[in-house]
Amino acid sequence: SHTIALKYDGTVWTWGNNTNGQLGNNSTENLSSPVQVKSADGNGYLTNIIEISAGSDHNMALRNDGTVWTWGSNTYGQLGNGSSVNSMLPVQVKSADGNSFLADIVQISAGYVHSMALKKDGTVLAWGRNDGGQLGNNNTTNKSLPVQVKGGASGSEYLTDVVQVTAGNWHSMALKANGTVYAWGWGQYGQLGNGYTTNSDDSDQYRYEKIYSAPVQVLNGEQASETGYLKEVVQIDAMGGTGRSESNRFGTSLAVTESKEVYGWGNSLYGALGVKSSIVSTPVRVATGISTAVQVAGGGKSGSDDWHVNSIGNTGYTYILKEDGTVSSLGYNVNGELGNGAKASTTAVQKVSNLTEIMQVAGSKNGNFGAAVKEDGTVWTWGNNEYGQLGDGSVSCAYEPINVTALNGKDIVSVHAGEYHSIALTRDGEVYTWGHNDYGQLGLGNASIVVSTPQKVERLPEIVSISAGKQH
């Protein structure tokens, strides 16, 4: 319910919910118009930022000198400054011993309530909530200072040669330079891909049954591999969800390989991975027959308060963008999430109707709709539309993609799907938003709860990156 944007000049702008100071403007007042994130002392502004990442109620920013800055909620130490006090202004993430500051960082990733950073030497640091071992330091104690992720199954003392990190809700993943994948954290729904399954059907027992607090290597599953482990991976994505007051902690993982195949593991109750199972403990080939994948995007809403382990999961669905510019889908489809004109969930690969020449596809990470950008700069949306998040001026679900006509001619280059709202970025760096606006997360300066057609966010030229928190 808050949004963060990075401008071309390296400044950061935010708007929406500010209960925990996540707007970084030295206030806790919700704001419906963009404000510039201030400097640590509150007298100037945060500058020279090259990457941003939004967690549930905290934000991360990477500066061009390799330092990391955070602000917002700090209940579990997710700001990494040695404290558990929320901060309305950016604080600099400290080193592991607390005597200096984190340096030489090249990538950041904010999870639900933990944070991750990749160093230029290929090692990984993490901090924040750790009751499920999601920090990978071989224990389950929350950490308010960065800890180095252990080597675990890699055989070395610490994890090395990493090129990408991804923080999910309840688990973490790392992609190594050799194309192998490591994961750690909550493993109950197979989201770590190491073959773990359960004999329990009671999620209250299952919740504490298996935690991996050091990295495990993802097995090959259905991929042919002489090593027995997943290989030649070029892209990873982690998703998660929660039910029954955090007793149910879901996770799903996706990977694209050099051969342009898609593999997945974790929760797949509605068929998002091509099988109908709440637990998929080793990688399965998602969309068998597709060897032209260039991007994979997952979506699905948290929930499922049932306690039967084999009957619970997110409303998960998967989109696969192929070389020919078309999109395939599978999984949950009650609101038209698959965009195939039907309402039935399925494990079978579907073609998203009327989509050609697509250059980017997005699924709502905590919602039930999809969006895509065509090469001509137009935007197409489908699925749930109860708050106008499809941008067609209505609140009716769309079971096939519809053109967001208000954006025609705007030359959109990317689109982001929140829980109930959407954000589009133009080639010129302008931002358009629409959908649910209960906390002012659209940045339009008004209190309208539903905005069903795209509106331009003023005061925000030359934006290069956007990220949505909480409902994301």
Side-chain angles (χ1 to χ4, degrees), residues 1-6 13-19 22-23 30-35 52-57 59 110 239 241 297-302 315 317 319 335-337 360-373 379-398 401-407 410 412-426 430-460 463 465-472:
S1 53
H2 75 281
T3 306
I4 178 171
L6 174 62
W13 299 71
T14 55
W15 59 93
N17 187 6
N18 197 26
T19 306
Q22 57 263 53
L23 301 190
N30 298 340
L31 293 174
S32 59
S33 295
V35 291
I52 54 174
S53 184
S56 173
D57 292 305
N59 296 307
M239 297 167 291
K301 189 171 178 61
S302 293
T315 58
Y317 49 92
Y319 300 130
N335 306 286
E337 289 86 347
Q360 184 236 338
V361 64
S364 171
K365 285 293 181 67
N366 195 30
N368 293 104
F369 71 102
V373 181
V379 175
W380 299 72
T381 56
W382 60 96
N384 185 28
N385 194 30
E386 61 184 297
Y387 289 100
Q389 59 263 46
L390 300 189
D392 67 335
S394 80
V395 290
S396 301
C397 294
I402 54 176
N403 177 214
V404 184
T405 56
L407 293 176
K410 304 296 185 184
I412 304 299
V413 292
S414 69
V415 63
H416 298 256
E419 182 179 25
Y420 296 115
H421 75 289
S422 303
I423 311 170
L425 179 63
T426 73
E430 295 178 336
V431 176
Y432 287 81
T433 60
W434 62 99
H436 202 197
N437 193 38
D438 54 339
Y439 285 100
Q441 59 263 47
L442 301 187
L444 302 177
N446 63 56
S448 300
I449 300 301
V450 174
V451 179
S452 59
T453 56
Q455 306 292 318
K456 181 180 175 182
V457 179
E458 301 297 341
R459 299 181 61 202
L460 280 184
I463 297 298
S465 177
I466 47 182
S467 183
K470 196 72 171 186
Q471 280 92 9
H472 78 302

Query raised in the report: Does Ala398 have any side chain to side chain contact (heavy atoms under 4.5 Å, CB included) partners at least two apart in sequence or in another chain, and if so, which?
Result: Leu390, Ile402
Query raised in the report: Between Thr3 and Ile423, is a side-chain contact (heavy atoms from CB on, under 4.5 Å) present by the stated rule, with each step listed?
Result: CA-CA 9 Å; Thr3 306; Ile423 311 170; 3.7 Å; yes
Query raised in the report: Do you know which two heavy atoms are closest between Gly443 and Pro34, and how far apart they sit?
Result: O-CD, 3.5 Å
Report summary line: Shortest non-hydrogen pair, Ser53 vs Ala110, comes out as OG-N, 2.9 Å
Query raised in the report: Given His2, which of Asn59, Asp57, Asn18 fulfils the side-chain hydrogen bond (donor to acceptor under 3.5 Å, both in side chains) condition?
Result: Asn59
Requested in this report: Please check if the side chain of Ser465 supplies one atom and the backbone of Leu6 the other of a donor-acceptor pair under 3.5 Å.
Outcome: no
Report summary line: Minimal heavy-atom distance between Ala372 and Val415, with the atoms involved, is N-CG1, 4.2 Å
**Report entry** Qualifying residues under side chain to side chain donor-acceptor pair (under 3.5 Å), relative to Asn384, sequence neighbours excluded
**Finding:** Glu386
Query raised in the report: Who pairs with Ser394 by side chain to side chain contact (heavy atoms under 4.5 Å, CB included), at least two apart in sequence or on another chain?
Result: Asn385, Asp392, Ser396
Query raised in the report: When you measure from the side chain of Thr426 to the backbone N and O of Ile412, does any donor-acceptor pair fall under 3.5 Å?
Result: no
Query - Donor-acceptor under 3.5 Å (Asn446 side chain, Ser448 main chain) - result: yes
Report task. For a side chain to side chain contact (heavy atoms under 4.5 Å, CB included) with Ile52, tell me which candidate from Ile466, Thr14, Ile4 qualifies. Result -> Ile4
Query - Listed partners of His436 passing ring pair (Phe, Tyr, Trp, His ring centres under 6.0 Å), at least two apart - result: Tyr387, Tyr420
**Report entry** By side chain to side chain donor-acceptor pair (under 3.5 Å) - contacts of Asn30 (at least two apart)
**Finding:** none
Query - Asn403: side chain to side chain contact (heavy atoms under 4.5 Å, CB included) partners, not counting sequence neighbours - result: Thr378, Trp380, Thr405, Asn408
Requested in this report: Hey, could you give me the CD/OG distance between Glu337 and Ser364, rounded to the nearest 0.5 Å?
Outcome: 9.5 Å
Requested in this report: Would you name the heavy atoms of Ile463 and Leu460 that are closest together and state the gap between them?
Outcome: CG1-O, 3.6 Å
**Report entry** For Thr19, side chain to side chain donor-acceptor pair (under 3.5 Å) partners two or more places apart
**Finding:** Asn17
Query raised in the report: Is any side-chain N of the basic residue among Glu430 and Lys410 closer than 4.0 Å to the acidic one's carboxylate O?
Result: no
**Report entry** ring pair (Phe, Tyr, Trp, His ring centres under 6.0 Å) involving Tyr432 - partner list, sequence neighbours excluded
**Finding:** none
Query raised in the report: Which pair of heavy atoms, one from Pro454 and one from Gly391, lies closest together, and at what distance?
Result: CD-O, 3.5 Å
Query raised in the report: Considering only heavy atoms from C-beta outward, does the side chain of Val451 approach that of Leu444 to under 4.5 Å?
Result: yes
Query raised in the report: For Phe369, what residues pass the ring pair (Phe, Tyr, Trp, His ring centres under 6.0 Å) criterion, not counting sequence neighbours?
Result: none
Query - For Thr453, all residues meeting side chain to side chain donor-acceptor pair (under 3.5 Å), sequence neighbours excluded - result: Gln455
Query raised in the report: Between Thr315 and Asn368, do the side chains contain an N or O donor and an N or O acceptor separated by less than 3.5 Å?
Result: yes
Query - Nearest-0.5 Å distance, CD of residue Glu419 to CD of residue Gln441 - result: 9.5 Å
Report task. Would you please test His421 and Thr433 for side-chain contact (heavy atoms from CB on, under 4.5 Å) and show each step? Result -> CA-CA 7 Å; His421 75 289; Thr433 60; 5.7 Å; no
Report summary line: Closest heavy-atom pair, Ala297 versus Ala362, reported as atoms and distance to 0.1 Å, is CB-CA, 4.3 Å
Query raised in the report: Trp15: what forms a ring pair (Phe, Tyr, Trp, His ring centres under 6.0 Å) with it, not counting sequence neighbours?
Result: none
Requested in this report: Give the intermediate values and the outcome of side-chain contact (heavy atoms from CB on, under 4.5 Å) for residues Ile449 and Asn437.
Outcome: CA-CA 5 Å; Ile449 300 301; Asn437 193 38; 5.8 Å; no
